[in-house]
Amino acid sequence: MNPTQETAAVNTDNEKLLLETLKHYFGYESFRVGQLDIINSLLQGRDSLVLMPTGGGKSLCYQLPAVLLPGITVVVSPLIALMKDQVDGLTRQGISAAFINSSLEQSEISDIFTRLGKGEIKLLYVAPERLTNYYFLQNLSQLPLSLFAIDEAHCISEWGHDFRPEYRRLREIIEAIDRVPIIALTATATPKVQQDIQKNLGMTKALSLIHI
């Protein structure tokens, strides 16, 4: 087998694994436009920017890699209600997930970190404000991380609606913990906002999926 044939065989095996994972956990037979490219990009260690409408399949772009990657995927989300919905949905699908936000008692947060340390949780949803807490970051830095997913990423840009200053600190926080691949996702962003997202997160070579 020559190198070209070997590469083709690897690609075929990889796509088969991804389709099997898609079917097993998410119940879909095929990927939507662009999803497979983004997933492969993340699995290869490359940053990604995803602009897709609500309900268009953005979450799958990081949830499926989270299942396959060895460590923990941290999902930054500003919406507490959405965190719970996502975690409940993933749990029903057999994917271990949890969230940490202001709705939890300290004892509950400690229990989640214990489970994270034991490798019992694959996705951790957190509010951006939580990442500015010194003790939270200390605990997070002790864990094996594989991916950061920044949801509602337009909040990073001062030119986007729903601007939240905590989002502007995400790059320095991520780099201080562990510079793993980043996927930034939003349902709405002008070209100027897209550029600002990538610049602020240091995603200079990110793969972009613009599907609106």
Side-chain angles (χ1 to χ4, degrees), residues 38 42 47-52 54 58-63 65-66 69 71-90 97-106 108-110 112-113 115-116 121-190 192-204 206 208:
I38 292 294
L42 293 173
D47 297 334
S48 297
L49 171 66
V50 176
L51 177 58
M52 295 177 69
T54 300
K58 293 190 303 296
S59 298
L60 181 74
C61 292
Y62 64 81
Q63 290 174 348
L69 290 168
I72 298 160
T73 291
V74 177
V75 185
V76 180
S77 173
L79 306 172
I80 291 178
L82 180 60
M83 287 187 201
K84 186 177 188 309
D85 288 345
Q86 293 269 352
V87 169
D88 288 346
L90 288 167
F99 61 81
I100 294 179
N101 57 42
S102 58
S103 70
L104 300 183
E105 299 291 339
Q106 186 57 49
E108 294 174 297
I109 294 174
S110 296
I112 288 171
F113 270 109
R115 293 172 60 204
L116 286 164
I121 296 173
K122 292 297 292 180
L123 291 101
L124 175 67
Y125 286 74
V126 300
E129 294 82 4
R130 183 65 55 171
L131 289 175
T132 63
N133 181 286
Y134 173 79
Y135 296 105
F136 179 86
L137 290 179
Q138 285 292 101
N139 286 324
L140 196 62
S141 66
Q142 304 303 312
L143 300 171
L145 306 181
S146 292
L147 178 65
F148 265 93
I150 315 299
D151 202 8
E152 306 294 334
H154 59 269
C155 293
I156 290 172
S157 178
E158 58 188 307
W159 295 293
H161 68 284
D162 300 332
F163 170 63
R164 293 176 67 154
E166 297 85 5
Y167 267 75
R168 300 292 283 189
R169 295 189 56 199
L170 289 179
R171 178 182 178 179
E172 64 178 87
I173 291 168
I174 291 171
E175 290 182 346
I177 299 173
D178 190 1
R179 183 51 172 95
V180 296
I182 299 171
I183 177 171
L185 311 102
T186 180
T188 174
T190 65
K192 189 174 186 179
V193 171
Q194 294 169 38
Q195 293 172 7
D196 198 31
I197 290 170
Q198 295 188 66
K199 179 180 179 181
N200 189 264
L201 290 174
M203 301 166 58
T204 56
S208 296

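This is a predicted model, so every value here is computed, not measured.
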### Task
Measure across Y167 and A153 and return the closest heavy-atom pair with its distance rounded to 0.1 Å.
CE2-CA, 4.5 Å
### Message
Between L143 and F113, is there a side-chain heavy-atom distance shorter than 4.5 Å?
### Response
yes
### Any side-chain heavy-atom pair of V126 and F136 under 4.5 Å
yes
### Query
With a 4.5 Å heavy-atom cut-off, do I156 and R168 have their side chains touching?
yes
#### Entry: Member of L140, V75, L145, V76 meeting the side chain to side chain contact (heavy atoms under 4.5 Å, CB included) criterion with L124
L140
Would you mind writing out the side-chain donor-acceptor pairs for residues 175-182 within the sub-3.5 Å range, not counting sequence neighbours?
{"unit_1": "E175", "atom_1": "OE2", "unit_2": "R171", "atom_2": "NE", "d": "3.3"}
{"unit_1": "R179", "atom_1": "NH1", "unit_2": "D47", "atom_2": "OD1", "d": "3.3"}
{"unit_1": "R179", "atom_1": "NH2", "unit_2": "D47", "atom_2": "OD2", "d": "2.7"}

### Pairing residues for Q86 by the side chain to side chain donor-acceptor pair (under 3.5 Å) criterion, not counting sequence neighbours
S59, Q63, Y125
### Task
Write down the atom of L42, the atom of C61, and the distance for their closest heavy-atom approach.
CD1-O, 3.3 Å
### Query
Does R130 have any side chain to side chain donor-acceptor pair (under 3.5 Å) partners at least two apart in sequence or in another chain, and if so, which?
none
### Query
Considering residues at least two apart in sequence or located in another chain, which fulfil the side-chain contact (heavy atoms from CB on, under 4.5 Å) criterion with S110?
Q106
### Task
Would you please name every residue forming a side chain to side chain donor-acceptor pair (under 3.5 Å) with N101, sequence neighbours left out?
S103
### Summary
Sequence neighbours excluded, the answer for side chain to side chain donor-acceptor pair (under 3.5 Å) partners of T73 is none
### CG on L131 to CD1 on I173, rounded to 0.5 Å
5.5 Å
### Inter-residue atom distance T186.OG1 - M52.CE, 0.5 Å rounding
12.0 Å
